[in-house]
Number of protein chains: 2
Amino acid sequence: MFSVPTRTQYGIRALVHLARAGEAADPAIADLATSAAIAKAESISPKYLEGIMTQLKSKGIVIAERGKGGGYRLARDASAIRMIDIVEALEGEVRPVDCVENSDCCVQGNACMPRKFWIGLKGAIDDYLASKTLKDVIEA
Amino acid sequence: MFSVPTRTQYGIRALVHLARAGEAADPAIADLATSAAIAKAESISPKYLEGIMTQLKSKGIVIAERGKGGGYRLARDASAIRMIDIVEALEGEVRPVDCVENSDCCVQGNACMPRKFWIGLKGAIDDYLASKTLKDVIEA
DNA sequence: CTATATTCCTACTATCTCGATAGGAATACG
DNA sequence: CGTATTCCTATCGAGATAGTAGGAATATAG
């Protein structure tokens with residue numbers, strides 16, 4: 001249960017790759033990597049990863065440099081990228097049931113008795129994801 | 001993200017229904033309900049709920065009485081049924097990524113740097129689900 | 001200006017899961 | 001025996017997911 005799609009797993013691994021590249025002494029030297037290079041290093045389908053990287057870029061997690069010699073780098077320090085930012089960029093907000101935000105669904109039977117329970121679950125997940133940064137992950 | 005299948009939502013609503021039926025003064029009087037009756041009260045597809053109830057029975061969450069006059073009742077008091085018992089009965093163990101239990105997957109690139117992170121997420125979810133009982137839900 | 005390497009965009013396909021349905025067998029009651 | 005119920009198995013359609021394909025846009029190097 002609660003399995004995380006490969007899309008998200010791949011995205012995180014790609015960001016781990018970038019974060020580790022950026023750990024070098026001189027920043028801005030080795031922190032640029034192409035999608036194809038990451039895909040190869042991580043054994044991820046290159047074309048599939050391309051789409052994931054584009055999405056991470058559109059959400060402001062990474063910065064893309066187009067054209068020859070281009071690639072991706074983290075948009076900010078790994079310690080400033082929370083895991084919840086990544087997850088929401090790739091999958092949208094954590095929402096166990098539709099009823100969490102939309103109370104219109106509370107019409108039939110006991111449909112909404114468990115609503116507070118689900119909201120609590122969302123809180124537990126969100127709190128954990130917000131408490132970890134990309135830096136925490138690469139130091140684990 | 002982390003959306004809960006209707007199967008689980010339906011199962012919980014059915015159990016809420018049974019738990020509320022069992023709240024009556026005289027236990028064992030009104031605590032028996034047929035799958036069809038629950039389905040009607042909760043606006044759930046009857047045939048679909050049938051399968052869910054059978055599964056909850058096989059996992060020991062409810063007790064079934066077959067034949068005419070039969071139905072389902074909770075196998076134990078609502079306060080002794082943890083939400084994690086229900087979720088695991090219907091969906092199996094919480095496992096964000098396969099890598100959580102199986103460390104064999106840590107072979108390529110940074111595939112397993114996030115492993116501790118995922119294990120931590122599993123822990124956060126499990127802790128929450130184990131902390132709530134069916135009784136907590138019907139009293140919310 | 002041209003060749004090349006890269007991101008970016010759109011569309012497609014195969015596979016799987018999920019929700020739901022159908023029909024009927026097994027069981028128990030009166 | 002007739003009826004009401006759980007229980008079993010098989011199937012189906014819709015949607016999501018993972019991956020593929022082709023090429024347009026963009027930047028660099030020579």
Side-chain angles (χ1 to χ4, degrees), chain A residues 1-14 18 31-75 87 89-92 95-98 111, chain B residues 1-14 18 31-75 87 89-92 95-98 111:
Chain A
M1 193 208 182
F2 289 122
S3 70
V4 174
T6 64
R7 179 173 199 81
T8 302
Q9 298 183 46
Y10 290 168
I12 290 174
R13 279 165 59 191
L18 288 176
D31 58 350
L32 195 69
T34 68
S35 176
I38 299 171
K40 187 170 186 185
E42 299 289 333
S43 302
I44 298 170
S45 161
K47 274 297 208 180
Y48 192 38
L49 184 61
E50 263 187 22
I52 296 170
M53 296 310 295
T54 302
Q55 191 173 359
L56 287 171
K57 183 235 167 187
S58 77
K59 302 289 179 170
I61 309 286
V62 299
I63 290 172
E65 299 195 358
R66 302 184 66 170
K68 191 170 182 179
Y72 294 95
R73 78 180 75 243
L74 295 184
V87 166
L90 293 172
E91 296 190 59
R95 186 150 48 100
V97 296
D98 291 342
Chain B
M1 191 203 183
F2 289 121
S3 69
V4 174
T6 63
R7 178 175 201 79
T8 302
Q9 298 182 45
Y10 291 168
I12 290 174
R13 279 166 59 191
L18 288 177
D31 58 352
L32 195 69
T34 68
S35 176
I38 299 172
K40 185 169 186 184
E42 298 289 333
S43 302
I44 298 171
S45 160
K47 274 296 207 180
Y48 191 39
L49 185 60
E50 263 188 22
I52 296 170
M53 296 310 294
T54 302
Q55 191 172 0
L56 287 171
K57 181 235 169 189
S58 76
K59 303 289 179 168
I61 310 286
V62 299
I63 290 172
E65 300 195 357
R66 301 184 67 172
K68 190 168 181 177
Y72 294 96
R73 79 179 76 243
L74 295 184
V87 166
L90 293 172
E91 295 188 61
R95 187 150 47 100
V97 296
D98 291 341

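Each chain gets a letter, A, B and so on, in the order the sequences are listed, and its residues count up from 1.
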Colleague: Round to a whole Å and report the spacing from CG of B:L90 to P of C:dC18.
Modeller: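 Going from CG in B:L90 over to P in C:dC18 covers 12 Å.
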Colleague: Figure out the CD/C1' separation between A:E50 and C:dC9, and round it to whole Å.
Modeller: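 Those two atoms, CD and C1', are 10 Å apart.
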Colleague: Could you check which of C:dG19, D:dC7, D:dA4 has an atom nearest any side-chain atom of B:T54?
Modeller: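 Closest of the options to the side chain of B:T54: D:dC7.
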Colleague: State whether A:Y10 places a side-chain N or O below 4.0 Å from either non-bridging phosphate oxygen (OP1 or OP2) of D:dG19.
Modeller: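 For D:dG19, OP1 or OP2 has a side-chain N or O of A:Y10 closer than 4.0 Å.
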Colleague: Measure OH/A:Y48 against P/C:dA14 and give the value in whole Å, please.
Modeller: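 Distance check: A:Y48 OH to C:dA14 P gives 17 Å.
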Colleague: Should B:Y72 be listed as having a side-chain N or O under 4.0 Å from OP1 or OP2 of D:dC7?
Modeller: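 Yes, such a contact exists.
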Colleague: Between B:E65 (CD) and D:dA4 (P), how many Å, whole number?
Modeller: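 B:E65 atom CD is separated from D:dA4 atom P by 18 Å.
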Colleague: Output yes when at least one side-chain N/O atom of A:S45 is less than 4.0 Å from OP1 or OP2 of D:dT20, else no.
Modeller: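 So the side-chain polar atoms of A:S45 do come within 4.0 Å of the phosphate oxygens OP1 or OP2 of D:dT20, strictly under.
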Colleague: I want to check one thing: is the phosphate of D:dT5, taken as OP1 and OP2, less than 4.0 Å away from some side-chain N or O of B:S35?
Modeller: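 So the side-chain polar atoms of B:S35 never come under 4.0 Å of the phosphate oxygens OP1 or OP2 of D:dT5.
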Colleague: Closer than 3.5 angstrom, by distance alone: can the side chain of A:E42 be matched with the main-chain N or O of A:Y10 as a donor-acceptor pair?
Modeller: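 No; zero donor-acceptor contacts below 3.5 Å.
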Colleague: Measure distances between side-chain N and O atoms of B:R66 and base N and O atoms of C:dA26, and say whether any donor-acceptor pair falls under 3.5 Å.
Modeller: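 Check passes, donor-acceptor contact within cut-off.
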Colleague: Which pair of non-hydrogen atoms, one from A:A89 and one from A:I61, has the smallest distance, and what is that distance?
Modeller: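 Closest approach of A:A89 to A:I61, heavy atoms only: CB-CG1, 4.1 Å.
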Colleague: Of the nucleotides D:dA18, D:dT26, D:dT20, which one has an atom closest to the side chain of A:K47?
Modeller: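 So the nucleotide nearest the side chain must be D:dT20.
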